[in-house]
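Atoms within each ligand, like the ligands themselves, are counted from 1 in listed order.
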Amino acid sequence: MSKMAAVMESGEDAFKQLFKFYKRRKPPPDFSDVIDFSGKVCTGKVDPIQLSPRAVSDAAASSVGLRPVRDWRAFGLQGFPGFIFISNPFQRGSQPFWIRQCLKTYPQKPNVCNLDMHMSPCDTKDIWERSVHSLSVLTCSSPSAPRRHEKSLLERLRWVTLGYHYNWDTKLYSADNYTPFPADLQSLSQQITLGCGFSDFRPQAGILNYYRSDSSLGIHVDESELDHSRPLLSFCFGQSAVFLLGGKQRQDPPTAMFMHSGDVMVMSGQSRLLYHAVPRIVPSPPGLLTSELQNPPSPPNQQNQNTPTEKSSVLEPVSERDWTVCLGYIQSSRINVTVRQVLGAEQNFPHS
Ligand code: OGA
Ligand code: MN
């Protein structure tokens, strides 16, 4: 009997057991049952799925750093209708912009982050600049300088919320805790959902999770949004992870899959409210980050070259200095961005 079968045999709470199985360090688990969409998928559990290439022009896709929809490799999982896994639809060289946004731009005010919970707004005003400063002070310091340093703010960043700010204590969103959702991430999310055949997705809330190599995310369902008929998007950057997708009941046995940098997941329809978890961060496959994440020399300014029918790009060049810091960060960390529509088309928050 395989280790996996042994784990499953005890029956109850299969999800919890598999979570522990993949989280275990010593000895490390066998990953051979983890679906890897970046390679050949022939497990019998996976179906390639047809997207809607005509719903997104190549220019619109390119304006957010995505390849044409006809080139996206998208998969469904048997038994999980509405679940869509898009294996890295990003153009080579466009992930650096999104990673820079996640590390430098989105943690800035008016967005909210974990550091705001116990620090004054003035102390969390400039997470990026202060961290870059302390990191460079560190690299410049003499060998005699104390080697143990206080963690930079960037290293202490755990989450950022966007739009309707998720309240981690009440698990609620509210009308009066809202700041504008970033236009670039809104546009990226809309191209993804259009490509998947959803016509009017409204990105209203975002949660960024920052994982170190020993982090995990427990078993949960995302049900705080008031309208569950809209898809939920999940973007991954940096190090890889094992993702577990379970069923409608917490204890239902989950399916394990790798998420690599650039991968996008869509949980919609009957898969919108399934239990899921991230038991483990794993090193990204050799060469994957280096090939995908080359920060190309800034292209000539395309702004003036756009014809009236073309969409102007939201991508901005990432400076060498910024990219060096980002690269150092994702060498050992993973970033996950989930984008959610909170309210239905005609819906409002209930009066309290
Ligand atoms: C979440 C979530 C999964 C991930 O933020 O709700 O499930 O891949 N994230 O980090
Ligand atoms: Mn979730």
Side-chain angles (χ1 to χ4, degrees), residues 15 18-19 22-23 34-38 77 80 82-88 95 98-99 102-103 106-107 111-114 157-169 171-173 181 185 189 192 203-225 227-228 230-248 250 252 254-284 329-330 332-342:
F15 203 140
L18 262 192
F19 185 94
Y22 284 115
K23 193 180 160 85
V34 183
I35 298 170
D36 192 343
F37 293 98
S38 72
L77 274 179
F80 297 90
F83 176 79
I84 306 172
F85 192 106
I86 314 171
S87 180
N88 186 15
Q95 285 188 56
W98 292 108
I99 293 170
C102 291
L103 292 176
Y106 301 149
N111 304 329
V112 179
C113 73
N114 63 300
L157 193 61
R158 289 290 159 269
W159 54 261
V160 165
T161 54
L162 313 170
Y164 287 114
H165 298 283
Y166 183 67
N167 182 319
W168 299 87
D169 297 325
K171 299 188 185 332
L172 295 172
Y173 300 98
F181 191 94
L185 185 57
S189 303
I192 292 282
Q204 294 172 328
I207 299 178
L208 285 84
N209 284 307
Y210 302 84
Y211 296 85
R212 290 179 305 188
S213 53
D214 59 352
S215 308
S216 57
L217 178 69
I219 307 166
H220 69 280
V221 173
D222 295 285
E223 56 187 357
S224 300
E225 298 72 26
D227 185 334
H228 297 146
R230 310 306 302 155
L232 185 149
L233 304 186
S234 177
F235 300 90
C236 300
F237 300 109
Q239 295 300 307
S240 302
V242 175
F243 181 84
L244 297 177
L245 182 66
K248 290 194 166 77
R250 189 187 159 102
D252 292 344
T255 299
M257 63 200 87
F258 286 115
M259 302 183 82
H260 302 299
S261 196
D263 289 347
V264 182
M265 244 183 216
V266 181
M267 293 174 79
S268 71
Q270 293 190 46
S271 291
R272 172 64 180 76
L273 291 175
L274 298 182
Y275 279 91
H276 57 280
V278 179
R280 193 188 190 97
I281 304 303
V282 287
S284 61
Y329 184 93
I330 57 162
S332 59
S333 304
R334 170 176 185 262
I335 306 167
N336 173 253
V337 185
T338 49
V339 177
R340 301 125 190 268
Q341 177 167 339
V342 175

With heavy-atom distances below 4.0 Å as the criterion, list the atoms of ligand 1 near R334. 4 (C), 8 (O), 10 (O)
Just which atoms of ligand 1 are under 4.0 Å from any heavy atom in V278? 3 (C), 4 (C), 8 (O), 10 (O)
For atom 2 (C) of ligand 1, what is the closest protein heavy atom, and at what distance to 0.1 Å? L217 CD2, 3.4 Å
Minimum-distance pair of heavy atoms, taken over all atoms of P279 and V242: CD-O, 3.1 Å
M265 and side chain to side chain contact (heavy atoms under 4.5 Å, CB included): which partner among S234, C236, P231, S271? S234
Restricting to N, O or S atoms, which atom of D222 is closest to the Mn ion (ligand 2)? OD2
Nearest atoms (heavy-atom pairs only) where N111 meets H165: CA-CE1, 3.9 Å
If the cut-off is 4.0 Å to any non-hydrogen atom of R340, which atoms of ligand 1 fall inside it? 1 (C), 5 (O), 6 (O)
Would you say ligand 1 has an N or O under 3.5 Å from any N or O of Y211? yes
With backbone taken as N, CA, C and O and side chain as the heavy atoms from C-beta onward, which portion of M265 lies under 4.0 Å from ligand 1: side chain, backbone, both, or neither? neither
Give the C-alpha distance, both sets of side-chain angles, the deciding distance and a yes or no for side chain to side chain contact (heavy atoms under 4.5 Å, CB included) between I281 and R212. CA-CA 8 Å; I281 304 303; R212 290 179 305 188; over 6 Å; no
Tightest non-hydrogen contact, residues R340 and T338, listed as NH2-OG1, 2.9 Å
Considering non-hydrogen atoms only, spot the tightest contact between L245 and M257 and give its length. CB-CE, 3.8 Å
With a heavy-atom distance limit of 4.0 Å, tell me whether I207 approaches ligand 1 through its side chain, its backbone, both, or neither. neither
If we number the atoms of ligand 1 from 1 as shown, the ones under 4.0 Å from a heavy atom of H276 are 7 (O)
Would you verify whether the NZ or CZ of R280 falls within 45 degrees of the ring axis of Y22 while also being under 6.0 Å from that six-membered ring's centre? no
Just verifying a value: how many Å separate D36 CG and H260 NE2, rounded to the nearest 0.5 Å? 3.5 Å
Output field for angle at the Mn ion (ligand 2), H276.NE2 vs H220.NE2, rounded to 10°, should show 90°
Go through ligand 1 atom by atom and flag the ones less than 4.0 Å from a non-hydrogen atom of D222. 6 (O)
Can you check whether F243 and F258 have ring centres sitting under 6.0 Å from each other? no
Which of the numbered atoms in ligand 1 are below 4.0 angstrom from a heavy atom of M259? 8 (O)
Atom 9 (N) of ligand 1: which protein heavy atom is closest, and how many Å away? N336 OD1, 3.1 Å
What is the minimum heavy-atom distance between L244 and A256, and which atoms define it? CD2-CB, 3.5 Å
Protein residue, atom and distance nearest to atom 5 (O) of ligand 1, heavy-atom basis: N209 ND2, 2.9 Å
Taking only non-hydrogen atoms of T338 and a 4.0 Å limit, the atoms of ligand 1 in range are 1 (C), 5 (O)
